**Student:** 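The following block contains the structure, expressed as structure tokens.
Everything numeric in this text was worked out from a predicted model, so none of it was measured.
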Amino acid sequence: RSAGVRVAIHNPENVPFPESHGFNAGPGTNTNFNIRINQHIRSPDPYGNCTEQNQIENNVYDGRYSFLGCNKACIQSTLKEECGCIDDINTLFTDVPICDILDRTQVRCREKINTMFENDELACNCVQRCQETSYSVQYSTTKWPSDKYEGYLFSALSHVPIIQDVLVEGIEQTLKNVVKLQFTFEELNVQTIEESPKYTNIDLFSSVGGLLGLYVGISIVYFPLFQLINILLLPTLSLSLSLSLSLSLSLSLSLSFSL
């Protein structure tokens, strides 16, 4: 296992899950976290699938609803019912023991529940929140403190009793127990990512109305046009038919006279 601290950057109202969404900062280092705030606005039904729910169901965690928190709560509730234990110390199940990694029965039960979750066989029904704040984080790490800064740093901290005991063991041992964290904002604004329906009900009715108007207009124009064609063509057809009959009769009479 690695030494250091695990840092989770999250909304203050949400339950943190450092094991899933977190960053490592090793001892003897200066880790700088560059943060950007993102605001997500999702479309509810019928355009999307999100929830306005505020609290996580089953009172598993004390915090605002989140997609990750809902999935974690689903797993812990199933572990409690099926295995008789849980594997997260941050839950509100104070009367439920933590699963023992040396107990083969509990280990197999946990593996079964985790496999079912990965295969989407648990009825968790978790969806994203319709409005949610998230944080994009970029971080960098450098060695700390520098050789020239070590003496100043340790002299400034030497009045703290716990640090005095560490300093007695030497500089190398002290470097294994100090870490510096810095947090800065990338920009002093909020990036908003909003979903919007491509077609609303008003747009749909407008499109249908426009198409109906187009087809009705074509029908109205087509009807008088068809009547005009009939008026122009019928006399011509009648004249052609009369000429054809006259020619036929004339030819018949001429042939009869010759015979």
Side-chain angles (χ1 to χ4, degrees), residues 2-76 88-92 117 124-146 148-149 152-153 156-157 178-207:
S2 59
V5 295
R6 183 81 171 171
V7 181
I9 299 174
H10 62 96
N11 190 308
E13 297 179 351
N14 290 358
V15 180
F17 298 99
E19 69 282 3
S20 299
H21 290 170
F23 306 90
N24 292 328
T29 61
N30 174 21
T31 303
N32 181 59
F33 296 90
N34 197 15
I35 305 170
R36 184 182 183 90
I37 305 176
N38 302 314
Q39 182 72 27
H40 300 271
I41 302 176
R42 301 180 177 91
S43 298
D45 185 73
Y47 306 106
N49 187 17
C50 64
T51 180
E52 297 286 353
Q53 184 175 341
N54 288 322
Q55 296 296 323
I56 299 175
E57 295 181 357
N58 301 325
N59 295 322
V60 181
Y61 296 102
D62 184 16
R64 178 189 285 183
Y65 176 94
S66 66
F67 179 72
L68 180 60
C70 176
N71 284 321
K72 293 281 188 181
C74 179
I75 294 174
Q76 298 306 314
D88 190 350
I89 61 175
N90 295 320
T91 67
L92 300 178
F117 175 76
C124 296
N125 299 321
C126 296
V127 295
Q128 299 282 1
R129 276 183 58 86
C130 293
Q131 293 191 12
E132 187 176 30
T133 302
S134 65
Y135 300 90
S136 301
V137 181
Q138 296 179 345
Y139 71 105
S140 58
T141 301
T142 58
K143 181 179 177 298
W144 181 84
S146 63
K148 295 183 179 180
Y149 187 69
Y152 172 79
L153 173 66
L157 299 177
V178 294
V179 61
K180 182 179 181 180
L181 304 177
Q182 289 183 310
F183 301 90
T184 58
F185 285 102
E186 181 178 345
E187 294 181 6
L188 296 178
N189 55 26
V190 179
Q191 177 177 270
T192 302
I193 304 171
E194 183 175 0
E195 295 180 354
S196 59
K198 186 175 181 179
Y199 265 92
T200 62
N201 292 333
I202 296 176
D203 295 331
L204 178 61
F205 292 139
S206 298
S207 299

**Student:** Could you walk me through whether T133 and Q39 pass the side chain to side chain donor-acceptor pair (under 3.5 Å) check?
**Tutor:** CA-CA 5 Å; T133 302; Q39 182 72 27; 2.9 Å; yes

**Student:** Among residues two or more places apart or on two chains, list those pairs meeting salt bridge (charged side-chain N to carboxylate O under 4.0 Å, His left out) that have a residue in residues 59-68.
**Tutor:** E13-R64

**Student:** For N189, give me all partners under side chain to side chain donor-acceptor pair (under 3.5 Å), at least two apart in sequence or on another chain.
**Tutor:** E187

**Student:** Using the disulfide (SG to SG under 2.5 Å) rule, collect all pairs that involve residues 31-70, keeping only residues at least two apart or in two chains.
**Tutor:** C50-C130, C70-C126

**Student:** Listed by chain and number, what are the salt bridge (charged side-chain N to carboxylate O under 4.0 Å, His left out) partners of E19, not counting sequence neighbours?
**Tutor:** K72

**Student:** Applying side chain to side chain donor-acceptor pair (under 3.5 Å), name anything that partners N38, two or more places apart in sequence or on another chain.
**Tutor:**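 For N38, the residues satisfying side chain to side chain donor-acceptor pair (under 3.5 Å) (neighbours in sequence not counted) are S136, Q191.
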
**Student:** At their closest point, which heavy atom of F185 faces which heavy atom of L188, and how far apart are they?
**Tutor:**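 Scanning both residues, the minimum pair turns out to be CB-CD2, 4.2 Å.
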
**Student:** Is the closest side-chain donor-acceptor distance between H40 and S134 under 3.5 Å?
**Tutor:**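 Judged by distance alone, the side chains do pair up.
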
**Student:** Under the side chain to side chain donor-acceptor pair (under 3.5 Å) test, which residues partner Q182, sequence neighbours left out?
**Tutor:**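 Applying side chain to side chain donor-acceptor pair (under 3.5 Å) to Q182 gives N30.
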
**Student:** Can you list the residues that meet the ring pair (Phe, Tyr, Trp, His ring centres under 6.0 Å) rule with Y139, with sequence neighbours excluded?
**Tutor:** F23, F33

**Student:** Check salt bridge (charged side-chain N to carboxylate O under 4.0 Å, His left out) between E194 and all other residues, then give those that pass, not counting sequence neighbours.
**Tutor:** none

**Student:** Considering all heavy atoms of both residues, which atom of S66 and which atom of G69 are nearest to each other, and what is their separation?
**Tutor:** OG-N, 3.0 Å

**Student:** Determine whether the side chains of D88 and Y61 contain a donor N or O and an acceptor N or O closer than 3.5 Å.
**Tutor:**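 Yes.
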
**Student:** Can you sort out the partners of Y47 under side chain to side chain contact (heavy atoms under 4.5 Å, CB included), two or more places apart, ordered by chain and number?
**Tutor:**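 S43, P197, T200, N201.
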
**Student:** Mind checking what makes ring pair (Phe, Tyr, Trp, His ring centres under 6.0 Å) contact with Y65, not counting sequence neighbours?
**Tutor:** none

**Student:** Could you give all pairs that pass the disulfide (SG to SG under 2.5 Å) test and reach residues 13-44, with sequence neighbours left out?
**Tutor:**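 Of all non-adjacent pairs touching residues 13-44, none passes disulfide (SG to SG under 2.5 Å).
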
**Student:** Taking T29 for its side chain and T31 for its backbone only, find out whether a donor-acceptor pair lies under 3.5 Å.
**Tutor:**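 Not at all, since once roles are kept as given, no pair shorter than 3.5 Å links the two residues.
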
**Student:** With sequence neighbours left out, write down each residue that passes salt bridge (charged side-chain N to carboxylate O under 4.0 Å, His left out) with R129, or none if nothing qualifies.
**Tutor:**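 Here no residue qualifies.
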
**Student:** What distance do I56 atom CD1 and T91 atom OG1 have between them, rounded to the nearest 0.5 Å?
**Tutor:**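 If we round to the nearest 0.5 Å, I56:CD1 and T91:OG1 are 11.0 Å apart.
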
